[in-house]
2 protein chains.
Amino acid sequence: MADDKFQKDCKKKIMAVHDAMDVLNGKWKISIVASLCYHNKRRFSEILNDVNGISNKMLSKELKELEINKLVKRTVLDTQPVTVQYELTEYGKKLQTVIKNLTDWGAEHRKEIIGK
Amino acid sequence: MADDKFQKDCKKKIMAVHDAMDVLNGKWKISIVASLCYHNKRRFSEILNDVNGISNKMLSKELKELEINKLVKRTVLDTQPVTVQYELTEYGKKLQTVIKNLTDWGAEHRKEIIGK
DNA sequence: CGGCATCCTTCTGGATACTG
DNA sequence: CAGTATCCAGAAGGATGCCG
């Protein structure tokens, strides 16, 4: 039946979404990507300041995971003392649309809660 | 300086994204929303089947949280035995764009990993 | 500056069984 | 069918201190 095919298609899509979220799990990962999305190149301490409430341990850990998943590129500049720059890879940049949508939705959502 | 304003704007946007993810935290919430996004009206056991790997406990819990945050509407139909229908609220439907973007990205991402 | 190591608490979520 | 209850392991994540 065609229903069957439709059903299977939906499951596939839902799994795709789940896969996407697998890479973006953790309390801060999306915020980090957002920071890099809005700033292009960004240093460790700058991201630490961008993302409200994150600890250096978590930033370090989640950045590493994002790097492993090829969303983020890490560059060490040999200044004194050491400076490290992070940026989205071409692949990571494909999330920009998602981030922007989430930004809009989040801003609206905030109004919705504060409104009460 | 204008730089200062830009910086503040970015922080606001990043916080908005974080707010959004606050509502969508948990391992399964986005997948559940995706299921309701692609199916419109959906029963408890159907979602259980849609979302691969979720337990009834988690489904129940996360649906409740989504309901509290006004993303999902729950309707009990008085059939025998009881049937419960879930659907996105108008507000929740505003996430459809995000879900669709994530679906596309997730599908691509899957290729990327399997390709290796 | 950009981390890593350690400790410790809280939260997450799976398995299983039970209820109206 | 649509949940709830309990039990419990392991993961997440905060605080703090140390290092090149």
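So you know, we letter chains A, B, ... as the sequences are listed, proteins then strands, and number each from 1.
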Of B:Arg42, B:Glu46, B:Arg74, B:Glu67, the residue whose pairing with B:Tyr86 passes side chain to side chain donor-acceptor pair (under 3.5 Å): B:Arg74
Mind calculating the distance between CG (A:Asp50) and C1' (C:dG2) to the nearest angstrom? 16 Å
Under 4.0 Å: is that the gap between some side-chain N or O of B:Arg42 and OP1 or OP2 of D:dA2? no
Round to a whole Å and report the spacing from NE2 of A:His18 to C1' of C:dG13. 12 Å
N-O pairing of A:Asp50 and B:Lys11 below 4.0 Å: no
Between C1' on C:dG13 and CE on A:Met21, what's the gap in Å once rounded to a whole number? 17 Å
Tell me the interatomic distance from A:Leu77, atom CG, to C:dG3, atom P, rounded to whole angstroms. 11 Å
Give a yes/no on whether any side-chain N or O of B:Tyr86 is located under 4.0 angstrom from OP1 or OP2 of D:dC1. no
Roughly, in whole Å, what's the span from CG in B:Leu48 to P in D:dC1? 10 Å
For side-chain contact (heavy atoms from CB on, under 4.5 Å), just list the numbers for A:Ile32 and B:Ile14, CA-CA rounded to whole Å, side-chain angles, deciding distance to a tenth of an Å, and then say yes or no. CA-CA 8 Å; A:Ile32 295 170; B:Ile14 293 165; over 6 Å; no
Whole Å only: how far is the CD1 atom of B:Ile32 from the P atom of C:dG13? 11 Å
B:Phe44 has a side chain; which of D:dG3, C:dC1, C:dG3 sits nearest to it? D:dG3
Could B:Lys70 and B:Tyr91 be counted as a cation-pi pair, given that NZ or CZ must be under 6.0 Å from the ring centre and within 45° of the axis? no
Rounded distance in Å - CG (A:Leu63) to C1' (C:dC4): 14 Å
A correct 5'-to-3' footprint of nucleotides 7-18 of chain D, with B, S and - meaning base, sugar-phosphate only and no protein heavy atom under 4.0 Å, is B-----BBB---
With sequence neighbours excluded, residues passing side chain to side chain donor-acceptor pair (under 3.5 Å) with A:Lys100: none
Taking the side chain as every heavy atom from C-beta outward, state whether A:Lys29 and A:Val72 have any atom pair closer than 4.5 Å. no
Aromatic rings B:Trp28 and A:His18: how do their planes relate, parallel, tilted or perpendicular, breaks at 30° and 60°? parallel
Please state whether the phosphate of D:dC1, meaning OP1 or OP2, lies under 4.0 angstrom from any side-chain nitrogen or oxygen of B:Thr83. no
Just the rounded figure in Å: distance from C1' of C:dT16 to CG of B:Leu59. 17 Å
